[in-house]
Amino acid sequence: MLNADVVIIGSGHAGIEAALAAARMGCDTLMLTQNLDTIGQMSCNPAIGGSAKSHIVKEIDALGGAMGLNADATGIQFRTLNRSKGPAVWATRVQCDKKVYQFRLKALLERTQNLRVLQTTASTILTDKDRVTGVNTDLGAPIRTRAVVVTAGTFLRGLLHIGEKSMPGGRMADAASTLSESLRQLGFETRRFKTGTPCRLNGRTIDFSSLEVQRGDEPPPRFSSLNVRREANDLFTLNFDGEGMFHVEQIPCWLTHTTHQTTSTIKSNLHKSPLYQRRIEGTGPRYCPSIEDKIVRFPDRESHHVFLEPEGRHSEEIYVNGVSTSLPYDVQVALIRSIPGLRAAEIVRPGYAVEYDYFPPTQLKQTLETRRVAGLFFAGQINGTSGYEEAAGQGLVAGANAALQVQSHPPFILPSKASYIGVLIEDLTARGTNEPYRMFTSRAENRLLLREDNADLRLTELGAAAGLVGQAGLARVEEKRRRIAQLDRAIDSLRMDGKRLSTTMRSPAFALEQLPSEVRSCADDETWRHVAIEARYAGYIARQQAARQPEWERAIPSTINFAIIPGLRTETREKLTSARPSTLAEAGRIPGLTRTDLTVLSIWMHNNLP
């Protein structure tokens with residue numbers, strides 16, 4: 001019989017971070033995967049980051065996770081998005097070599113202390129008196145454990161759709177999971193979502209000469225603060241193309257667009273779409289619609305952007321970003337060949353939609369442990385999210401809390417005012433979601449403070465206290481703080497044009513090279529960028545903090561009985577009891593609660609609680 005402290009079900013981006021977190025915190029950890037060769041597979045676009053998502057990746061890195069460093073090590077194009085806007089919303093995006101990304105993570109998992117990986121399918125969650133005790137698999141013998149993290153992604157009763165054909169599957173060529181039935185039998189509520197992916201093309205059949213080239217930034221931006229040469233025995237030095245840690249040669253992407261012919265082809269075949277045949281029950285992502293949805297929802301648009309993105313250095317497959325579809329194969333060929341540059345393009349993998357079960361995340365605590373079964377945690381798309389980054393952030397938190405519970409230590413909860421991952425988890429557990437959840441910078445109340453440049457300053461010490469980050473990580477942050485303090489002192493000692501230098505720095509055009517030599521000598525690019533951004537936002541942040549009402553940060557006791565509070569509506573009592581918010585600010589984000597509800601609750605707490 002197999003035994004483990006923590007069992008991780010699933011080997012996608014949530015499962016990987018969960019397993020690595022539990023293992024590096026000292027727990028005997030076992031990852032179960034249907035297929036060892038699809039660990040870390042990027043089922044859709046092989047890219048990490050983008051608007052708001054990059055902030056999550058930076059936070060994962062600050063907490064010792066693997067996603068950012070693996071993207072840096074396997075990237076084929078690096079860009080900073082939103083440069084025309086303020087630094088708080090600048091976003092790193094890395095197009096990765098799909099297979100290298102995947103197999104590098106597999107190697108990392110295989111070589112991580114305290115972690116085992118087993119190819120098998122989980123079928124049943126075993127419990128005793130509402131506490132998890134193990135997992136049944138297709139191997140026949142139960143696995144005994146003290147904590148389970150379910151990260152099954154789109155595999156829970158997954159159903160694939162291409163045109164009028166439907167088949168079970170979590171993604172193309174991979175079987176669906178029946179684990180949903182076990183979870184329903186334990187009393188969990190379940191609903192359906194759907195997502196989709198575009199077709200892939202043979203790059204040799206594309207006429208790139210007629211397309212607009214999209215090149216990466218030089219120097220390439222990076223995700224990880226570990227972005228340095230390391231000792232030869234360090235796992236993060238794993239690489240596949242010679243000496244050094246990172247690729248240096250970037251590969252271009254290309255931009256094209258749909259045409260009137262594309263629109264006509266889609267409109268004349270909408271009756272063949274499983275979405276418009278109403279064979280798909282699940283709700284799809286609003287912010288990543290299929291090309292069918294785009295044509296129907298935006299009838300006045302003459303064309304839509306289409307980005308052609310390579311899937312790897314050693315592959316001719318091209319990802320067609322912007323043309324997610326579940327139309328029949330022959331229709332996909334026709335619409336692709338209506339696009340400039342793709343007149344003779346060959347599809348090597350058709351696009352498809354996948355429908356799957358998710359479990360409304362209001363059934364979870366902020367630790368991502370389920371309220372119904374102790375020791376059982378959910379992370380990733382099972383909680384209604386979309387995106388590799390959102391999944392990975394949840395996985396890290398769930399894995400850490402599973403380990404801490406096994407070790408009888410206090411839980412690890414990231415506050416929403418200090419992290420995007422905290423915003424994500426608070427939104428999910430307090431408000432739930434009726435559509436696939438995607439992170440946006442607008443979701444963070446403190447977004448001027450939650451930036452890429454200070455993720456390690458915000459979170460690494462919290463991670464170290466929980467056991468997620470070692471002494472080397474702490475030392476890097478302490479050295480960064482030292483460099484920042486040194487630069488701040490140098491700046492405060494100078495004046496330029498009769499003004500303090502820190503005031504002049506608020507201009508985004510002001511560069512390190514413009515500083516006097518005595519200041520330049522104590523700053524590198526990273527330190528200067530951080531100090532300049534802090535100076536630029538100082539006034540805004542001060543006004544924001546002054547305007548904030550401390551009362552809304554007050555904690556709500558977990559034992560409070562909302563039913564006895566006079567003046568609350570019945571609907572409000574039910575929602576507060578279900579969501580169990582930890583603060584008044586968190587309660588304010590519950591859909592349907594009014595400011596009057598919060599005022600009533602605040603006054604009652606002030607008069608009745610110590």
Side-chain angles (χ1 to χ4, degrees), residues 41-47 95 98 153-155 158-174 176 193-203 205-206 253-254 256-259 261-277 279-280 282-297 303-312 315-339 341-356 381 386-388 436:
Q41 180 149 312
M42 301 167 115
S43 303
C44 201
N45 192 355
Q95 188 79 12
K98 184 174 185 173
T154 61
F155 284 75
L159 185 64
L160 308 179
H161 300 275
I162 302 178
E164 297 180 357
K165 295 185 177 180
S166 300
M167 65 203 82
R171 61 179 163 238
M172 192 62 72
D174 286 322
F193 274 167
K194 81 100 178 172
T195 187
T197 189
C199 60
R200 274 61 160 182
L201 306 181
N202 181 349
T205 63
I206 297 174
C253 298
W254 295 268
T256 182
H257 55 86
T258 62
T259 64
Q261 184 183 351
T262 314
T263 300
S264 177
T265 299
I266 292 171
K267 284 184 174 180
S268 62
N269 287 281
L270 276 177
H271 63 284
K272 300 178 182 177
S273 165
L275 182 63
Y276 288 90
Q277 290 176 343
R279 289 193 292 111
I280 295 178
T283 304
R286 183 192 313 179
Y287 303 102
C288 187
S290 67
I291 189 64
E292 301 98 286
D293 266 347
K294 289 180 185 179
I295 297 302
V296 172
R297 288 164 53 184
S303 68
H304 298 270
H305 283 157
V306 176
F307 294 90
L308 303 179
E309 301 172 333
E311 295 221 327
S315 172
E316 291 296 329
E317 282 192 58
I318 301 294
Y319 179 90
V320 189
N321 192 341
V323 189
S324 176
T325 184
S326 56
L327 286 165
Y329 173 76
D330 60 332
V331 179
Q332 292 187 37
V333 171
L335 76 87
I336 285 294
R337 292 185 176 178
S338 70
I339 295 172
L342 308 183
R343 306 298 186 187
E346 295 178 359
I347 294 176
V348 294
R349 300 180 199 248
Y352 62 91
V354 57
E355 200 174 0
Y356 57 94
Q381 284 181 283
S386 66
Y388 309 141

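Scope of the values below: all heavy atoms of this structure, side chains included, with no hydrogens, waters or symmetry mates.
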*Please identify each residue that fulfils ring pair (Phe, Tyr, Trp, His ring centres under 6.0 Å) with Y352, with sequence neighbours left out.*
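Result, ring pair (Phe, Tyr, Trp, His ring centres under 6.0 Å) vs Y352: none returned.
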_Which residues share a ring pair (Phe, Tyr, Trp, His ring centres under 6.0 Å) with Y388, sequence neighbours left out_ =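 Listed in chain order: H13.
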Nearest heavy-atom neighbours spanning [X] and [Y]:
X	Y	value
I318	G203	CG1-CA, 3.7 Å
C44	K98	O-NZ, 4.5 Å
S273	L327	CB-CD2, 3.8 Å
V296	L270	CG2-CD1, 3.7 Å
S43	R171	OG-NH1, 3.0 Å
V354	G170	CG2-O, 3.7 Å

[atom2] on [Y] to [atom1] on [X], rounded to 0.5 Å:
X	Y	atom1	atom2	answer
I291	S326	CD1	OG	12.0 Å
M42	Y319	CE	OH	10.5 Å
I280	L275	CD1	CG	5.0 Å
I336	C199	CD1	SG	3.5 Å
L201	R337	CG	CZ	10.0 Å
F155	Q381	CZ	CD	10.0 Å

Strictly distance-based, threshold 3.5 Å: is any side-chain N or O of [X] a donor or acceptor partner for the main-chain N or O of [Y]?
X	Y	result
K294	G322	yes
Q277	H271	yes
T258	S303	no
R279	G163	yes
R343	S338	yes

Contact between [X] and [Y] at the side-chain level, heavy atoms closer than 4.5 Å - yes or no?
X	Y	answer
F193	Y356	yes
P274	E164	no
E317	R349	yes
V323	H304	no
Y329	P350	yes

Can you sort out the partners of [X] under side chain to side chain donor-acceptor pair (under 3.5 Å), two or more places apart, ordered by chain and number?
X	result
H161	S166, E355
Q332	none
Y276	D293
T325	E292

*L342/L308 under side chain to side chain contact (heavy atoms under 4.5 Å, CB included): CA gap, chis, key distance, verdict*: CA-CA 10 Å; L342 308 183; L308 303 179; 3.8 Å; yes
_Please tell me whether T265 and T262 have a donor and an acceptor in their side chains that are separated by less than 3.5 angstrom._
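Judged by distance alone, the side chains do not pair up.
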*asked:* Side chains of E309 and N45: any donor to acceptor distance under 3.5 Å?
replied: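 A donor-acceptor contact under 3.5 Å links the two side chains.
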*So, R200 and E311, do they make that salt bridge, N to O below 4.0 Å?*
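Result for this pair is yes, salt bridge flagged.
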